[in-house]
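Structure record follows, encoded as C-alpha cells.
Counting begins at 1 with the first residue of the sequence. No hydrogens, no waters, no symmetry mates; every other heavy atom, side chains included, goes into these values.
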Amino acid sequence: MAELLDGNRVRDEIKAELLGRVQAIRQRFRAPGIAVVLVGDNPASAIYVRNKVKTCQDLGIYSETHTPPASIATAELLALVEQLNQREDIDGILVQMPLPPQVDAKRVLDAIRPDKDVDGFHPVSVGNLSIGNPGPRACTPAGVIELLKRYQVPLVGAEVVVVGRSDIVGKPMAMMLIHESATVTVCHSKTRDLAEVCRRADLLIAAMGKPALLNDAHIKPGAVVVDVGMNRVTHPAEVERIWPGDQAKRAQLQQKGSVLVGDVSPLSMAARASFYTPVPGGVGPLTIAMLMVNTVTLAEARAHRAGVLLH
Ligand code: NDP
C-alpha cells in the first residue's frame with residue numbers, strides 16, 4: 001500500500017520552525033521584508049501572489065505588492081527593481097512570472113541584486129548552487145529535498161531520474177540531488193525510451209507539465225515518486241482517461257470547469273509506488289514555504305552585515 005508524502009504537513013513544520021527565527025530578527029533588527037512585483041492581471045499569478053502575501057502575514061514578515069500595468073516597458077520595470085534593490089527594509093524581491101511579451105524577462109530577473117534574490121533564479125544564485133556555496137536556492141526543488149529528507153527517503157547512492165530540465169525545476173533539482181550524492185539521470189522531450197529510463201529509478205521526479213503522462217510503464221514497483229506537475233484538465237475525455245469511471249472527478253469537472261492533475265497518473269502512483277506526493281497537497285505547498293525560508297535567511301544575512309547579533 002503506497003503512502004503519501006504530505007506536503008501540507010511539512011509546510012506547517014517549516015512555518016512553525018521559521019516563527020522563532022522571524023521573532024529574533026524582529027526583536028533585534030526589524031521585520032524581514034519582501035517586495036512582490038505582479039505585472040498585469042493574470043488571474044493565476046494573482047492567486048499565487050495572494051498566497052505568498054498571506055503566508056508572510058502568518059509569519060510576521062513584512063510584504064508589499066507592486067502592481068504595474070501589463071503595458072509596462074522593460075526600462076520602467078528595471079527602474080522599479082533598482083528602487084527595491086536600494087531599499088534597506090527589503091530583503092527579498094520577487095518578480096512574479098510570466099511577464100508580458102514586450103518585457104525582457106531575463107534582463108529584469110538579472111537586475112535583482114543577488115543578495116535579494118528570494119527565488120534563487122539569478123545567475124549568481126545558480127552558480128552558488130552549482131559549486132555548493134550558500135545562497136538562495138530555487139524554491140520548488142529545495143522544497144522537494146526538504147520533503148524527502150523529512151520522510152527519510154534515502155538519497156545517498158540512490159538511482160534518481162528527473163524528468164524535465166527547466167531552469168526553475170528540473171536543472172536545479174538535479175544539481176541538488178548531486179549534492180546529496182544521488183546518481184542522477186535527467187530526461188527531457190528528446191529522451192529515447194523514457195519509460196525504460198524511468199523504470200530504473202528508486203526515486204522518480206516528474207516536472208514536465210504534461211497531465212498524467214507517466215504511468216505504470218514508468219514506475220518501478222516500490223519506487224518513491226515525486227510529482228511536481230500542476231496541470232488543469234478541462235476535457236471530459238481527459239478526465240476519463242486519467243480517472244476511468246470516477247464519478248466524483250466528473251462531478252468536479254462539471255462544477256469547477258477543470259480538475260488538477262500532476263504529470264504522473266495518480267492511479268499508477270497509488271498502485272506501484274512505496275511513497276508518492278499527491279496533487280494537490282504534495283510539492284505545491286512547499287514552494288511557498290521555501291520562499292519564506294529564503295526570505296528569512298536573506299534577512300538574517302542582512303542583519304549580520306549590519307552588525308546585529310541574532311543568537
Ligand atoms: P517547462 O515547460 O519549463 O519544462 C518542461 C520540461 O519537461 C522540459 O525540459 C521538457 O523538455 C520536458 N518535457 C516536456 N514534455 C516531455 C515529454 N513528453 N517527455 C519528456 N520530457 C518532457 O516546465 P516547468 O519546469 O516550469 O514546470 C514543470 C511542471 O511543474 C509544470 O506542470 C508546472 O506547472 C509545475 N510546477 C509546479 C510548481 C509547484 O510549486 N508545485 C512550481 C513550478 C512548476 P525539453 O527541455 O526538451 O523541452
[X] to [Y] - nearest heavy-atom pair and separation:
X	Y	value
Leu260	Pro280	CD2-CB, 3.8 Å
Ala31	Gly60	CB-O, 4.1 Å
Val169	Ala207	CG1-CB, 3.6 Å
Leu298	Val118	CD1-CG1, 3.9 Å
Gly222	Ser274	O-OG, 2.8 Å
Cys198	Val163	SG-CG2, 3.8 Å

With rounding to the nearest 0.5 angstrom, report the [atom1] to [atom2] distance, [X] to [Y].
X	Y	atom1	atom2	value
Arg232	Leu253	CZ	CG	11.0 Å
Arg199	Lys220	CZ	NZ	11.0 Å
Arg165	Cys187	CZ	SG	10.5 Å
Met97	Tyr48	CE	OH	13.5 Å
Arg302	Thr297	CZ	OG1	13.5 Å
Asp216	Ser265	CG	OG	6.5 Å

Where at least one partner belongs to residues 63-81, residue pairs that pass side chain to side chain donor-acceptor pair (under 3.5 Å), sequence neighbours excluded: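 Sorted pair list: Tyr62-Glu64, Glu64-His66, Glu64-Arg87.
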Quick check: is [Y] connected to [X] through a chain of hydrophobic side chains (ILVMFWY, heavy atoms under 4.5 Å apart)?
X	Y	value
Val10	Val153	yes
Met176	Leu204	no
Leu148	Val228	yes
Ile61	Ile14	yes
Val103	Leu78	yes

A quick test of your reading: do over 12 heavy atoms of other residues, nucleotides or ligands sit less than 6.0 Å from [atom1] of [X]?
X	atom1	value
Asp41	CG	no
His235	NE2	no
Arg107	CZ	no
His304	NE2	no
Gln102	CD	yes
Arg9	CZ	yes
Phe29	CZ	yes

When you compare the side chain of [Y] with that of [X], does any pair of heavy atoms fall below 4.5 Å?
X	Y	value
Val124	Val126	no
Val224	Tyr151	no
Thr295	Leu94	no
Val108	Val81	yes
Pro100	Val39	yes
Pro32	Val22	yes
Tyr276	Leu5	no
Ile205	Val161	no

How about Gln27 and Gln23: does a side-chain donor come under 3.5 Å of a side-chain acceptor?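 No pair is found: no donor N or O on one side chain lies under 3.5 Å from an acceptor on the other.
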Does a side chain donor of either Arg11 or Thr55 reach within less than 3.5 Å of an acceptor in the other side chain?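 Not at all, the side chains of Arg11 and Thr55 share no donor-acceptor pair under 3.5 Å.
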Pair [X] + [Y]: basic N to acidic O under 4.0 Å:
X	Y	result
Arg113	Asp117	no
Lys149	Glu180	yes
Glu238	Arg241	yes
Arg305	Asp115	yes
Asp263	Lys210	no
Lys106	Asp110	yes
Glu196	Arg192	no
Lys116	Asp91	no
Arg21	Glu17	no

What donor-acceptor contacts under 3.5 angstrom involve side-chain atoms of residues 285-293, with partners at least two apart or in another chain?
unit_1 : atom_1 : unit_2 : atom_2 : d
Thr287 : OG1    : Thr140 : OG1    : 3.0

So, Glu240 side chain and Gly245 main chain: donor-acceptor pair closer than 3.5 Å or not?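 Pair found, side chain donor or acceptor close to backbone of Gly245.
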Determine, step by step, whether Val261 and Val279 satisfy the side chain to side chain contact (heavy atoms under 4.5 Å, CB included) criterion, reporting the C-alpha distance in whole Å, the side-chain angles of both residues, the deciding distance to 0.1 Å, and the verdict. CA-CA 6 Å; Val261 71; Val279 178; 5.8 Å; no
With salt bridge (charged side-chain N to carboxylate O under 4.0 Å, His left out) as the criterion, how do Arg250 and Asp246 come out once you've worked through the C-alpha distance, each side chain's angles and the decisive distance to 0.1 Å? CA-CA 7 Å; Arg250 232 182 268 178; Asp246 189 330; over 6 Å; no
For Arg30 and Asp89, what are the C-alpha separation, side-chain angles and deciding distance, and is it a salt bridge (charged side-chain N to carboxylate O under 4.0 Å, His left out)? CA-CA 8 Å; Arg30 54 159 172 73; Asp89 58 333; over 6 Å; no
side-chain hydrogen bond (donor to acceptor under 3.5 Å, both in side chains) assessment of Ser268 paired with Asn215: CA-CA 5 Å; Ser268 296; Asn215 52 39; 5.5 Å; no
Side chain to side chain contact (heavy atoms under 4.5 Å, CB included) between Leu214 and Ile219, worked out: CA-CA 8 Å; Leu214 305 188; Ile219 304 172; 5.7 Å; no
Determine, stepwise, if the pair Leu177 / Ile145 fulfils side chain to side chain contact (heavy atoms under 4.5 Å, CB included). CA-CA 8 Å; Leu177 289 161; Ile145 294 284; 3.9 Å; yes
Could you give me the CA-CA distance, side-chain angles and deciding distance for Leu38 and Ser45, then say whether side chain to side chain contact (heavy atoms under 4.5 Å, CB included) is met? CA-CA 7 Å; Leu38 171 62; Ser45 296; 3.7 Å; yes
Go through the steps to decide whether Asp227 and Thr277 satisfy the test side-chain hydrogen bond (donor to acceptor under 3.5 Å, both in side chains), and finish with yes or no. CA-CA 6 Å; Asp227 191 353; Thr277 57; 5.8 Å; no
